[in-house]
Amino acid sequence: MAHYKLLHDWNVTPAEAVALQQQLRSQIRIEPMANSPRTIAGCDISFNKFEETVYAGIVVLDLDTLETIEETGVISTASFPYIPGLLSFREIPSLLEAWSTLKSEPDVVMFDGHGTAHPRRIGIASHAGLFLNRPTFGCGKSVLVGKFNEPLTQRGSWSPMLHYGDVVGAALRTKDKVNPVYVSPGHLIDLETAIDLTLRCHGGRRGFGYRIPEPTRRAHNLVNALRRGERPDLTS
DNA sequence: GCGACAG
DNA sequence: ATCTTGTCGC
């Protein structure tokens with residue numbers, strides 16, 4: 001089973017969460033990946049509004065064929081509320097539970113959110129990367145922080161996202177004429193590699209494929225099916 | 001002080 | 001995030 005290191009307690013107040021981010025940010029390493037990845041994991045959580053129960057899932061794919069290698073899901077509970085800038089404290093705990101049930105160890109992990117494109121440069125992808133101790137990056141559907149020029153409409157076009165003088169990520173077009181996704185490195189990876197991997201995770205080519213990259217898309221479908229009770233096999 | 005604000 | 005049908009545009 002895949003493991004991770006519990007760097008700190010998750011039972012904290014919002015103020016303590018911010019203090020933890022300030023303390024952890026110095027440990028984040030933005031650098032080229034040490035090894036060429038063969039597998040990539042996508043993760044996501046789903047829940048019914050106003051309820052504590054959350055459904056967390058992870059899907060592992062082969063980077064070359066985009067075939068699903070493994071998938072897992074868990075039903076858990078999230079006590080921390082959603083607060084912009086503190087998303088990791090709400091989602092990572094349950095995602096780690098799912099992670100611990102994985103048989104394989106993904107080479108790199110994609111998150112539905114941001115990495116360095118965060119007010120304190122430690123979005124969910126970066127935070128999780130420290131716990132998992134492996135390359136991670138974020139691919140969000142909307143912006144938290146960062147200014148950028150609209151990239152050209154062609155798939156593959158991108159423009160840097162700037163925040164207080166730092167290039168924190170990229171607005172990347174994953175498909176012709178559709179809104180861009182926002183990519184940023186999490187830990188043990190650089191922006192260029194994160195962009196490349198995101199493009200490789202597209203069922204791409206001429207009108208096929210979606211805006212959301214396959215790892216996240218499949219994880220999203222998985223957790224929704226779990227929430228609706230359509231995947232009893234993942235529970236028992 | 002006002003507005004913005006991942007999922 | 002989630003609740004939901006049709007509809008505008010390429």
Side-chain angles (χ1 to χ4, degrees), chain A residues 10 14 17-18 21 25 28 42-59 73 75-96 98 109-129 136-148 152-155 161-164 166 168-187 191 194 198 205-213 215-230:
Chain A
W10 288 107
V18 172
Q21 293 181 320
R25 61 182 301 182
I28 296 168
C43 32
D44 193 22
I45 72 167
S46 179
F47 56 88
N48 290 311
K49 204 175 183 180
F50 305 132
E51 287 183 16
E52 297 279 299
T53 302
V54 297
Y55 305 80
I58 298 175
V59 177
I75 299 179
S76 183
T77 123
S79 52
F80 202 90
Y82 167 67
I83 298 174
L86 299 179
L87 176 67
S88 61
F89 289 85
R90 172 174 174 70
E91 302 200 346
I92 291 183
S94 55
L95 286 177
L96 289 178
V109 187
M110 171 188 286
F111 285 82
D112 189 7
H114 304 290
T116 55
H118 177 280
R120 288 171 292 282
R121 308 288 181 270
I122 180 166
I124 187 170
S126 301
H127 198 158
T136 59
F137 67 97
C139 182
K141 301 179 291 300
S142 61
V143 179
L144 208 207
V145 299
K147 301 275 294 174
F148 60 93
L152 298 181
T153 65
Q154 293 71 35
R155 160 180 161 76
M161 294 170 71
L162 278 65
H163 185 60
Y164 284 91
D166 294 337
V168 298
L172 171 68
R173 205 79 74 180
T174 52
K175 187 176 160 73
D176 292 354
K177 301 174 182 179
V178 298
N179 290 324
V181 292
Y182 307 92
V183 179
S184 61
H187 183 48
L191 177 59
T198 298
R205 265 83 190 164
R206 265 179 328 192
F208 284 101
Y210 307 82
R211 172 169 86 118
I212 304 304
T216 294
R217 216 176 74 77
R218 288 182 203 173
H220 190 73
N221 289 336
L222 176 67
V223 294
N224 276 328
L226 219 199
R227 177 169 59 82
R228 297 167 186 154
E230 299 164 5

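Convention: sequence-line order gives letters A, B, ...; per-chain numbering from 1.
- The nearest pair of heavy atoms linking A:Ser126 to A:Ile28 is CB-CD1, 3.6 Å.
- Between A:Leu86 atom CG and B:dA6 atom P there is a gap of 12 Å when expressed in whole angstrom units.
- OP1 or OP2 of B:dA6 has not a single side-chain nitrogen or oxygen of A:Lys141 nearer than 4.0 Å.
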Discussion item. Please determine whether side chain to side chain donor-acceptor pair (under 3.5 Å) holds for the pair A:Arg227 and A:Asn224, giving the CA-CA distance in whole Å, both sets of side-chain angles, and the decisive distance to 0.1 Å.
Written reply: CA-CA 5 Å; A:Arg227 177 169 59 82; A:Asn224 276 328; 3.2 Å; yes
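- Distance, A:His127 NE2 to B:dA6 C1': 15 Å, rounded to whole Å.
- A distance-only check finds no donor-acceptor pair linking the side chain of A:Arg228 to the backbone of A:Ala225 [under 3.5 Å].
- In this entry the distance linking CG of A:Leu95 with P of C:dA1 reads 14 Å, nearest Å.
- The phosphate of B:dG7 has OP1 or OP2 within less than 4.0 Å of a side-chain N or O from A:Ser142.
- One atom, CG of A:Leu87, and another, C1' of B:dC5, lie 12 Å apart when rounded to the nearest Å.
- For A:His127 and A:Phe89, the gap between ring centers is short of 6.0 Å.
- The shortest distance between the side-chain N/O atoms of A:Tyr182 and the OP1/OP2 oxygens of B:dA6 is not below 4.0 Å.
- Using a 4.0 Å heavy-atom criterion, one finds that A:Ile92 contacts no nucleic acid atom at all.
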N/O to N/O distances under 3.5 Å, protein versus nucleotides 2-4 of chain C:
| unit_1 | atom_1 | unit_2 | atom_2 | d |
| --- | --- | --- | --- | --- |
| C:dT2 | OP1 | A:Ser46 | OG | 2.8 |
| C:dT2 | OP1 | A:Asn224 | OD1 | 3.0 |
| C:dC3 | OP1 | A:Arg227 | NH1 | 3.4 |

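- If A:Lys177 and A:Asp112 are placed on DNA chain C by their nearest nucleotide, the residue sitting closer to the 5' end is A:Asp112.
- Residues A:Val168 and A:His118 form no side-chain contact, since every pair of their non-hydrogen atoms from C-beta on lies 4.5 Å or further apart.
- Across all strands shown, A:Val145 has no heavy atoms under 4.0 Å from either base or sugar-phosphate atoms.
- Using a 4.0 Å heavy-atom criterion, one finds that A:Gly138 contacts no nucleic acid atom at all.
- With A:Thr216 contributing its side chain and A:Asp112 its backbone, the two residues share no donor-acceptor pair below 3.5 Å.
- Atom CG of A:Asp44 is separated from atom P of B:dG7 by 10 Å (rounded to the nearest Å).
- Whole-Å rounding puts the A:Met110 CE to B:dG7 P distance at 14 Å.
- For the pair A:Thr153 (side chain) and A:Lys177 (backbone), a donor-acceptor distance under 3.5 Å is absent.
- Between the P atom of C:dC10 and the CD atom of A:Gln154 lies a distance of 15 Å, rounded to the nearest Å.
- With rounding to whole Å, A:Met161 atom CE is found 13 Å from B:dC5 atom C1'.
- Backbone-only engagement by A:Gly140 is indicated by non-hydrogen atom pairs under 4.0 Å involving sugar-phosphate atoms exclusively.
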